[in-house]
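We number each residue from 1, following the sequence as shown.
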Amino acid sequence: MFCTSFINVANELGAPSYVFYTCGATCLAFMLHVQSLFDRGEFDPAELKDSDAELAIPGLRDPLQGKQLPSVVVEADWLPTVMRHTRRTREAKGILVNTFHDFESQAVASLTTGQTPPLYTVGPIIDLKLKKGDTAGEKEIAGETEIVDWLDKQPESSVVFLCFGSMGSFDEEQVKEIAIALEASGQRFLWSLRKPPQKGKPEFFPSEYDDVKEGLPEGFLDRTDGLGKVIGWAPQTRILAHPSVGGFELEVAVEIRMSYRKTSGEVVPAEEIERGIRGLMAAENEGRRIKAKEMSDKCRKAVEDGGSSYHSIGRFIEDVITD
């Protein structure tokens, strides 16, 4: 999805180009819509960035306010590059999306109206089980074992999983507020804590702490010993599939602050975070956890023989062969 310039190479070779879109169908529908508005001169990021103005998005039930839009479409440094890649995605022979139909049915429907290249829902891209005997990535697999062993000791649907993606990291002040909220909530937690890129250096992605204590308030690990675990890299799919994980869900979610932007320098206070954690794990939200478990089962079935993504991958292969 960020290598669309290679479409030129494929064209020279007379080969079909396909884009693998890792962010899901809703994000794809959103980006294509914004790109269309942008090219028509109907999308002004400066106007929208911090506004309450609403933007209807194909594939989303409710409109988004300008202040809720992702930073990549309202920041001047990002927008031209993102729009260029999105525009070129339309030139592809097809788009493979890391999702499955039941997970984002509304977004998938909005992308199959003939206005975009053919869509192949091929996700989730996961290993259904850890393969014994693998030698590649031994460090990661060892880390997985330790994490899963800890999760095995926790009650079902009792653990809040905090993970902010491959680019997710926070400065010291925000980390402190998250730590205070976790400690005050009294909930079991698994927290993937990453070291933010150093300011003034050409670093883009977070890195690992030599010792996670470096990024935490003094004494936090001692005070939460037995209640929570702080890790670096997180095997997300293994964790999300574990029965002890209760807080990291779809419809399924409790809003904390939709308008948060890391680049703004704002800090979400511990009280807001704690309220969100308690709300998510409250007994009255049992229905959400049941729905999350049902979606987890559908996720697994989608990639198994006979599932929707299994068939979609087969359709993609047939289309490539007969092209």
How close do [X] and [Y] get, heavy atom to heavy atom, and via which atoms?
X	Y	value
P58	A29	O-CB, 3.5 Å
E304	R300	CG-O, 3.2 Å
A25	V97	N-CG1, 3.5 Å
M1	C23	CE-SG, 3.6 Å
R90	S36	NH2-CB, 4.0 Å
P196	Y209	CD-OH, 3.6 Å

Identify all side-chain donor-acceptor contacts of residues 108-116 below 3.5 Å with residues at least two apart in sequence or on another chain.
| from | atom 1 | to | atom 2 | distance (Å) |
| --- | --- | --- | --- | --- |
| S110 | OG | A107 | O | 2.7 |
| T112 | OG1 | V108 | O | 3.2 |
| T112 | OG1 | A109 | O | 3.1 |
| T116 | OG1 | L111 | O | 2.9 |

In Å, rounded to the nearest 0.5 Å, how long is the span from [atom1] of [X] to [atom2] of [Y]?
X	Y	atom1	atom2	result
L96	T22	CG	OG1	12.0 Å
F170	R194	CZ	CZ	12.5 Å
L221	R223	CG	CZ	9.0 Å

May I ask you to test the [X]-[Y] pair for a side-chain heavy-atom distance under 4.5 Å?
X	Y	result
D62	I57	no
L69	L64	yes
R40	L37	yes
V34	M83	yes
L190	I231	yes

Take atom [atom1] of [X] as the centre, draw a 6.0 Å sphere, and report whether it contains more than 12 heavy atoms from other residues, nucleotides or ligands.
X	atom1	result
K301	NZ	no
E91	CD	yes
E42	CD	yes
E54	CD	yes
E214	CD	yes

Salt bridge (Lys or Arg N to Asp or Glu O under 4.0 Å) partners for D171, two or more places apart: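 Residues passing salt bridge (Lys or Arg N to Asp or Glu O under 4.0 Å) with D171: none at all.
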
Listed partners of D52 passing salt bridge (Lys or Arg N to Asp or Glu O under 4.0 Å), at least two apart: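 D52 satisfies salt bridge (Lys or Arg N to Asp or Glu O under 4.0 Å) with K67 once adjacent residues are dropped.
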
Hydrophobic cluster (4.5 angstrom, side-chain heavy atoms) - remaining members for L13: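 Hydrophobic cluster check, L13: joined to F6, V9.
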
Test of understanding: with side-chain contact (heavy atoms from CB on, under 4.5 Å), list the residues that count as partners of [X], not counting sequence neighbours.
X	result
H242	V148, L151, D152, S244, V245
S309	F100, A302, V303
A53	L48, S51
T81	R84, H85

Side-chain donor-acceptor contact under 3.5 Å, E12 with N8: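 E12 vs N8: no donor-acceptor pair found between side chains.
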
Any side-chain donor near an acceptor of the partner, T224 and E183, under 3.5 Å: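 No donor-acceptor contact under 3.5 Å links the two side chains.
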
CA sep, side-chain torsions, deciding dist, call: L216, W191, side chain to side chain contact (heavy atoms under 4.5 Å, CB included): CA-CA 11 Å; L216 292 166; W191 183 4; 3.6 Å; yes

All ring-ring contact (aromatic ring centres under 6.0 Å, His included) counterparts of F189, not counting sequence neighbours: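 Counting only residues at least two positions away or on another chain, F189 forms a ring-ring contact (aromatic ring centres under 6.0 Å, His included) with F220.
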
Stepwise side chain to side chain contact (heavy atoms under 4.5 Å, CB included) test for K93 and S17: CA-CA 5 Å; K93 188 77 175 178; S17 300; 5.5 Å; no

Should [X] and [Y] be regarded as members of a common hydrophobic cluster, given that ILVMFWY residues are connected when their side-chain heavy atoms come within less than 4.5 Å of each other, either directly or indirectly?
X	Y	answer
V230	I273	yes
L55	L32	yes
W150	L227	no
I95	F2	yes
V19	V72	yes

Qualifying ring-ring contact (aromatic ring centres under 6.0 Å, His included) pairs, either residue in residues 293-323, two or more places apart: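 Every ring-ring contact (aromatic ring centres under 6.0 Å, His included) pair that includes a residue of residues 293-323, provided the two are not neighbours, is Y18-F316, Y120-F316.
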
Pairs flagged by ring-ring contact (aromatic ring centres under 6.0 Å, His included) wherever residues 24-76 is involved - sequence neighbours left out: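 Listed once each, the pairs would be none.
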
So does [X] pair up with [Y], basic N to acidic O under 4.0 Å?
X	Y	answer
R278	E274	yes
K195	E208	no
K229	E146	yes

Expected output: side-chain S192 to main-chain G232 donor-acceptor under 3.5 Å: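 Indeed, once roles are kept as given, a pair shorter than 3.5 Å links the two residues.
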
Worked verdict on M31 versus V73 for side chain to side chain contact (heavy atoms under 4.5 Å, CB included): CA-CA 8 Å; M31 295 303 298; V73 299; 3.8 Å; yes

Test side chain to side chain contact (heavy atoms under 4.5 Å, CB included) applied to F20 and N98, step by step: CA-CA 8 Å; F20 176 47; N98 188 15; 4.1 Å; yes

List, one per line, each side-chain donor-acceptor pair under 3.5 Å for residues 174-182, sequence neighbours excluded.
| from | atom 1 | to | atom 2 | distance (Å) |
| --- | --- | --- | --- | --- |
| Q174 | OE1 | V268 | N | 2.7 |
| Q174 | NE2 | V268 | O | 3.0 |
| E177 | OE1 | A270 | N | 2.7 |

